[in-house]
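Inspection log for the structure reproduced underneath, given as structure tokens.
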Number of protein chains: 2
Amino acid sequence: MSHRLEEISESECQRIALLFKMMGDPTRLRILLALSGSSLCVMHISERVGMSQSATSHQLALLRKADLVRVTRSGKSLVYSLADDHVRQMLALSIVHGKEKRDHE
Amino acid sequence: MSHRLEEISESECQRIALLFKMMGDPTRLRILLALSGSSLCVMHISERVGMSQSATSHQLALLRKADLVRVTRSGKSLVYSLADDHVRQMLALSIVHGKEKRDHE
DNA sequence: TATTCATATGTATATCCGTTCATATGAATA
DNA sequence: TATTCATATGAACGGATATACATATGAATA
């Protein structure tokens, strides 16, 4: 896995930073966490995160652009799900990090 | 590892979002990547990321607050290193994510 | 203890970003 | 094809934030 993390091109660094940035907003993170359980349409997502349809859609557009989610149509609704399993792994890892920190204090 | 990512308290969600946010800035990410290779003093870090001593120190303060780095003194210098191995794992995971995406296109 | 040198901190500013409100889009249904 | 309903998009506003500049801090050395 970890092969020379230090030697990473500028453009790749930018892209990775964007990835983290997208996960670094509470609203977007809650969307991702919600989707880690099951695929959901926009309406349900916005209910889940307690945010307007518009705000939710704006954030989903960003998540799409960062390849963190994918969309499929089901009837009138668009159903969102996590793009791949790496996202889930990173979420899980971040939670473990937090947990251990708490145990130390 | 992945136990019910959906059911996470609001405060924990905030804390995790902060973690990602800290890694989501290009400058801070480059700092973390640099530290993944070896521990470094502030001067060397600022040279490495091509940024003023002040800007670097400001960002290091944020990374400290988020428990992503730790500091030890060596003579006159303060030596920074990654707080733990989770950070390294998350960095590595994010790079893999990017790589696979590229291969698909 | 006085001085120095590495690092931290305060303030200001320009830019970025998340949300809201209003409206457009367009696939699915009648 | 006309209509409807879910979602996307555009513009704008307020708050957050990264950097620069000036200065403070404080441990290490003389």
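Just so we're on the same page: letters track the sequence lines, and every chain starts at 1.
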Report the distance from atom [atom1] of [X] to atom [atom2] of [Y], rounding to the nearest 0.5 Å.
| X | Y | atom1 | atom2 | answer |
| --- | --- | --- | --- | --- |
| A:R70 | A:L35 | CZ | CG | 10.5 Å |
| A:Q89 | A:L91 | CD | CG | 10.0 Å |
| A:L78 | A:T72 | CG | OG1 | 8.0 Å |
| B:K65 | B:L60 | NZ | CG | 13.0 Å |

In whole angstrom, give the distance that lies between atom [atom1] of [X] and atom [atom2] of [N].
| X | N | atom1 | atom2 | answer |
| --- | --- | --- | --- | --- |
| A:F20 | D:dT17 | CZ | P | 18 Å |
| B:E47 | C:dT7 | CD | P | 10 Å |
| B:L63 | C:dT9 | CG | P | 14 Å |
| A:R64 | D:dT7 | CZ | P | 12 Å |
| A:Q14 | D:dA18 | CD | P | 14 Å |
| A:M51 | D:dT7 | CE | C1' | 18 Å |
| B:L60 | C:dT9 | CG | C1' | 13 Å |
| B:K76 | D:dA30 | NZ | C1' | 9 Å |

* When you measure from the side chain of B:A55, which nucleotide among D:dC5, C:dA8, D:dT19 comes out closest? ->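 Between D:dC5, C:dA8, D:dT19, the one nearest the side chain of B:A55 would be D:dT19.
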
* From C:dT19, C:dT7, D:dT7, pick the nucleotide closest to the side chain of B:L78? ->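 So the side chain of B:L78 is nearest to C:dT7.
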
Verify the contact: side-chain N or O of [X] to OP1 or OP2 of [N], cut-off strictly under 4.0 Å; return yes or no.
| X | N | result |
| --- | --- | --- |
| B:S52 | D:dT19 | no |
| B:K21 | D:dT17 | yes |
| B:Y80 | C:dA6 | no |
| B:R28 | D:dA18 | yes |
| A:R73 | C:dG26 | no |

* Asked: After noting the C-alpha distance and the side-chain angles of B:V79 and B:R73, does the key distance pass the side-chain contact (heavy atoms from CB on, under 4.5 Å) rule?
  -> CA-CA 6 Å; B:V79 178; B:R73 178 172 287 278; over 6 Å; no

Polar side-chain contact [X]-[N] base: donor and acceptor under 3.5 Å:
| X | N | result |
| --- | --- | --- |
| B:Q53 | C:dA6 | no |
| B:S77 | C:dT7 | no |
| B:S57 | C:dT9 | no |

* Structure fact -> Sorted by position of nearest nucleotide on DNA chain C, 5' first, the leading residue of B:V42 and A:D25 is B:V42

* **Main-chain N/O of B:S54 paired with B:S57 side-chain donor or acceptor, under 3.5 Å** =>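 No; zero donor-acceptor contacts below 3.5 Å.
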
Describe the nucleic acid contact of [X] in one word from base, sugar-phosphate, nothing, applying a heavy-atom distance below 4.0 Å.
| X | result |
| --- | --- |
| B:T56 | nothing |
| A:I45 | nothing |
| A:S54 | base |

* Would A:H58 pass as stacked on D:dT9, i.e. its ring centre under 5.5 Å from the base's six-membered ring centre and planes under 30° apart? ->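 According to the criterion (under 5.5 Å, under 30°), yes, A:H58 stacks.
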
* Please give the nucleotide sitting opposite D:dA22 as a Watson-Crick or G-U wobble pair, both distances under 3.5 Å, or none. => C:dT9

* **Who pairs with D:dA28 - Watson-Crick or G-U, where each distance is under 3.5 Å** =>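 Across any shown strand, D:dA28 pairs with C:dT3.
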
